[in-house]
Amino acid sequence: MSAETDTPRTSGSCCSSTGSRDDGAADVRAAGVTAVYEVKGMTCGHCEGAVSEEISGIEGVTSVKAEAATGRVTVDSAAPLTDDAVRAAVDEAGYELVGRA
């Protein structure tokens, strides 16, 4: 037996007993859908927050990352979102959805 296989996994460690970060569990994001949108008009952190907050309110959305510098908004969701739902949320925030990036 090698020291690698004799080393027990430390409670709370991010690594498996083999030293790998992957312990065989599925990544939570793998079960969902990621879509990237282009939004016109975001210029600062406040803009990013407003867009993120509105899109986060769509049922099934698990995370949102808006980037004013690029105009891109990355949305993770449990199932695919309709463009109409995303457009309505972006409109509500006061910005314009250009489309999918």
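The structure displayed is predicted, hence computed values, not measured ones. Residue numbers run from 1 in the order of the sequence given.
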Is Val90 linked to Ile58 within one hydrophobic cluster, defined over Ile, Leu, Val, Met, Phe, Trp and Tyr using a side-chain heavy-atom separation of less than 4.5 Å?
yes
Under 3.5 Å, side chain of Glu48 to main-chain N/O of Ala68, donor-acceptor pair present?
yes
Is Ser77 reaching over with its side chain to a backbone N or O of Gly60, donor-acceptor style, under 3.5 angstrom?
no
Is there a side-chain contact (heavy atoms from CB on, under 4.5 Å) between Val39 and Arg72? Walk through the geometry before answering.
CA-CA 6 Å; Val39 174; Arg72 294 190 177 219; over 6 Å; no
If I compare all heavy atoms of [X] with all of [Y], which pair ends up nearest, and what's the gap?
{"X": "Glu59", "Y": "Leu81", "answer": "O-CD2, 4.1 Å"}
{"X": "Val33", "Y": "Ala79", "answer": "CG2-C, 3.9 Å"}
{"X": "Ser52", "Y": "Ala66", "answer": "OG-CB, 3.6 Å"}
{"X": "Glu54", "Y": "Ala89", "answer": "CB-O, 3.3 Å"}
{"X": "Cys47", "Y": "Gly41", "answer": "SG-O, 4.3 Å"}

Does any part of the side chain of Arg100, heavy atoms only, come nearer than 4.5 Å to the side chain of Val36, both counted from C-beta?
no
What's the separation between atom CD in Glu53 and atom CD in Glu92, rounded to the nearest 0.5 Å?
10.0 Å
To the nearest 0.5 Å, tell me how far Lys40 NZ sits from Tyr95 OH.
14.0 Å
Let's go through Val75 and Val61 carefully: what are the C-alpha distance in whole Å and the side-chain angles of both, what is the deciding distance for side-chain contact (heavy atoms from CB on, under 4.5 Å) to 0.1 Å, and is it a yes or a no?
CA-CA 7 Å; Val75 182; Val61 170; 4.1 Å; yes
Thr34 side chain to Asp76 side chain, donor-acceptor N/O pair below 3.5 angstrom
yes
Working note: Ile55 + Tyr37, criterion side-chain contact (heavy atoms from CB on, under 4.5 Å); need CA distance, chi angles, decisive distance, verdict.
CA-CA 11 Å; Ile55 293 175; Tyr37 300 91; 5.7 Å; no
Give the C-alpha distance, both sets of side-chain angles, the deciding distance and a yes or no for side-chain contact (heavy atoms from CB on, under 4.5 Å) between Val73 and Glu67.
CA-CA 6 Å; Val73 180; Glu67 297 179 60; over 6 Å; no
